[in-house]
Structure formats: C-alpha cells, structure tokens
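In what follows, a structure is listed as structure tokens, so that the remarks can point back to it.
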Amino acid sequence: MTLIEEDSQGEVPRHVAIIMDGNGRWARNRGKPRLFGHHKGVENVRRVVDAAKEADVPYLTLYAFSVENQNRPKDEVTGLMRLLREFLKKEIRNMVKDGVRLRTIGDVAGLPEYAQKIVEEAVEKTKSNDSWNLTLALNYGSRQETLNAIRVYAEKISSGKASPKELNWDTFSSYLYTAELPDPDLIIRTSGEHRLSNFLLLQAAYAEIYVTPDPWPEFTADKFHLALQDYASRERRYGKTGEQIRLKSSISETPVSV
Ligand code: FPP
C-alpha cells in the first residue's frame, strides 16, 4: 500500500485494526474461567463489527489469535479455536448475504485442521463480496510475516525473477499478508496496555494509536465511536510540520471561483 494516504485527515478512518485484549482478566475479575471471557469477547466482535459498518469504516481488522498465543495452556488454545469455528459457522451466511468479504492474515496452515477448514470456506464463499471488509488476524505475528515476505522475495531473486535494486516499499508490502489492505489509520487496544504485541508493526508506521482501559468485553459500540471521535481530532503529519499540513488542507478547501 502507499506509504502516505493523507486524505484520511480529520475523517472517518478507512481502516481500523483492533487488539482485543482483556477477556481473560475481565472473566477472572468475575470469578469465571478465562474462556468465559473469550466467549463474551466473541459476542462483542459482533457488536463492534456492526458499529464499524454503521460508522462507514470500510476495513476492520481484528487480532484474534497471535503466533505467540499458541504457547497458552492447551485448553485455552483449543477453546479459542472452537469459538472461532462456531463464530464462522454462524456468520458465513450473514457475511455472504451482507456482502462482507472475509480475509485472514497470518499462518492459517498452523491452525488445527477443523479451524483451517471453516476459515478457508468462509474466505472462499465471500471472496467476490465488496460491500465491507473484515480481516481476522489468525496465528498472526508481524515479525513472522516480515520474515516470510523476505524469504519469498529472496527466492525470487535467486531464481532470477526479481532484482534487489527493484525493492521499494510498494514492492515489499505486496509480499505481506496485508497486500490487499490499506495501511491501518487507527489501531485500538483495549484493556490498557500500551504496546503493539507483534501486530502490524510495519503497516502501523503512521497509524494513530488509541488505548482504552476498557477490557474487550466492555468495549461497546459507544466506546468505539469515542475512539473514532478521538481519531478525527488528531492531526496526522506523516513527518511534515503542522503548518505544511494545515496549509495543504486550507488550499484544498478554498472554493474555486468561476
Ligand atoms: C488477548 O487477551 C486476547 C486473545 C488472545 C483472544 C482474543 C479473542 C477473541 C476476542 C475471541 C475470538 C475472536 C473471534 C473473531 C472468533 P486476553 O483476552 O487473553 O486477556 P488478558 O490479557 O486479560 O489475559
């Protein structure tokens, strides 16, 4: 994707990516098992998807399972995979009906076979949809994604199909899992931690970051709207000065006299 997309200034973000953190702590604080929190987390996915559609955010990406999450207790990993399967089983028909295109980023081949199967089915059945875009990060890690892109490009070089001289950001980003997606404009992290946790590290170069203390199960549609309001109040400078950015927007707002 292009490095600089200045037209999103002061507007609704084109692409919102969310680190849905805090299900486990939310459940524990209520004396419930962590999986109960993940179950509530899935319910909240439906609410936030609706909120994003209503707000005209065309691309939503959700960090559902990281490569590093594979190291969690086996029961939790299995529970998350089953929740993913149930979610997709229920939602495929709605996504097809509503024109939602589902994409994934991450190493889906590293998921259990039953999860891979339903993910592949959902991606296949929605591939010609273009009304709205939902991406699930599944077995995703930004470092792994980068290494994978380098490996594929290096193989092309060694077989004479590419040259290191041609490598620029546009070429390189076409080898990332996110090749078909615009860079995220806004990254939301719930549950208060101020870190990216191996999520879209390269794509987030100019993303605005919004951290809320609310755990994911309590991140309501209203709170999503607050995050959008906060985004709209920010000045995105992409390395330029504030004066340069304001001058450009005042020129583009000047009415042309006839
Ligand atoms: C991280 O924090 C969150 C996850 C590992 C999973 C997020 C998954 C969901 C919201 C449900 C699955 C999504 C779909 C689309 C089916 P944590 O919840 O483990 O929280 P903690 O930091 O409080 O332990």
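We count ligands from 1, going down the list as the structure has it; atoms in each ligand are counted the same way.
Counting heavy atoms closer than 4.0 Å to ligand 1, residue Trp216 contributes side-chain atoms (C-beta onward) but none from N, CA, C or O. With a 4.0 Å heavy-atom cut-off, ligand 1 is reached by no atom of Arg28.
Considering each of Ala64, Ala27, Ser66, Ala115, the one bringing a non-hydrogen atom nearest atom 8 (C) of ligand 1 is Ala64.
A heavy-atom distance below 4.5 Å is found between the side chains of Phe219 and Asn44. Side-chain contact between Arg237 and Glu243 is absent, with no heavy-atom pair separated by less than 4.5 Å. Pro182 places a side-chain heavy atom less than 4.5 Å from the side chain of Tyr59. Looking at Arg85 and Arg82, their side chains come closer than 4.5 Å, going by heavy atoms from C-beta outward. Proximity of Ile150 to Phe172: side-chain heavy atoms (C-beta onward) are separated by under 4.5 Å at one or more points.
Below 4.0 Å from some heavy atom of Leu84 lie the following atoms of ligand 1, by number and element: 16 (C). Ligand-side atoms of ligand 1 in range of Arg34: 17 (P), 19 (O), 24 (O), range being under 4.0 angstrom from any heavy atom.
For atom 4 (C) of ligand 1, the closest non-hydrogen atom of the protein is His38 CE1, 4.1 Å. The single protein non-hydrogen atom nearest to atom 5 (C) of ligand 1 is Asn69 OD1, 3.3 Å, given as residue, atom name and distance. Atom 15 (C) of ligand 1 has Leu136 CD2, 3.9 Å as its closest protein atom, hydrogens excluded (heavy atom only). The protein atom (non-hydrogen) at minimum distance from atom 11 (C) of ligand 1 is Val42 CG2, 3.6 Å. Asn23 N, 2.8 Å is the protein heavy atom nearest to atom 18 (O) of ligand 1. At the top of the distance list for atom 19 (O) of ligand 1, counting protein heavy atoms only, stands Arg72 NH1, 2.5 Å. Nearest non-hydrogen protein atom to atom 1 (C) of ligand 1 is Asp21 OD1, 3.5 Å. Met20 O, 3.3 Å is the protein heavy atom nearest to atom 3 (C) of ligand 1.
Grouping the Ile, Leu, Val, Met, Phe, Trp and Tyr side chains by contacts below 4.5 angstrom, directly or via other members, places Val67 apart from Met81.
Distance check, rounded to the nearest 0.5 Å: OG1 of Thr212 to CD of Glu218 gives 9.5 Å.
Residue contacts with ligand 1: Glu193 is excluded, as none of its non-hydrogen atoms falls under 4.0 Å. Under a 4.0 angstrom heavy-atom cut-off, Gly22 registers as being in contact with ligand 1. Under the 4.0 angstrom criterion for non-hydrogen atoms, Glu86 is not in contact with ligand 1.
Here Asp50 does not pair with Arg46 in a salt bridge; the nearest charged N to carboxylate O distance is not below 4.0 Å. With respect to the salt-bridge test (charged N to carboxylate O, under 4.0 angstrom), the residues Arg14 and Asp185 do not qualify.
Ring geometry for Tyr238 versus Tyr206: interplanar angle of 30 to 60°, hence tilted.
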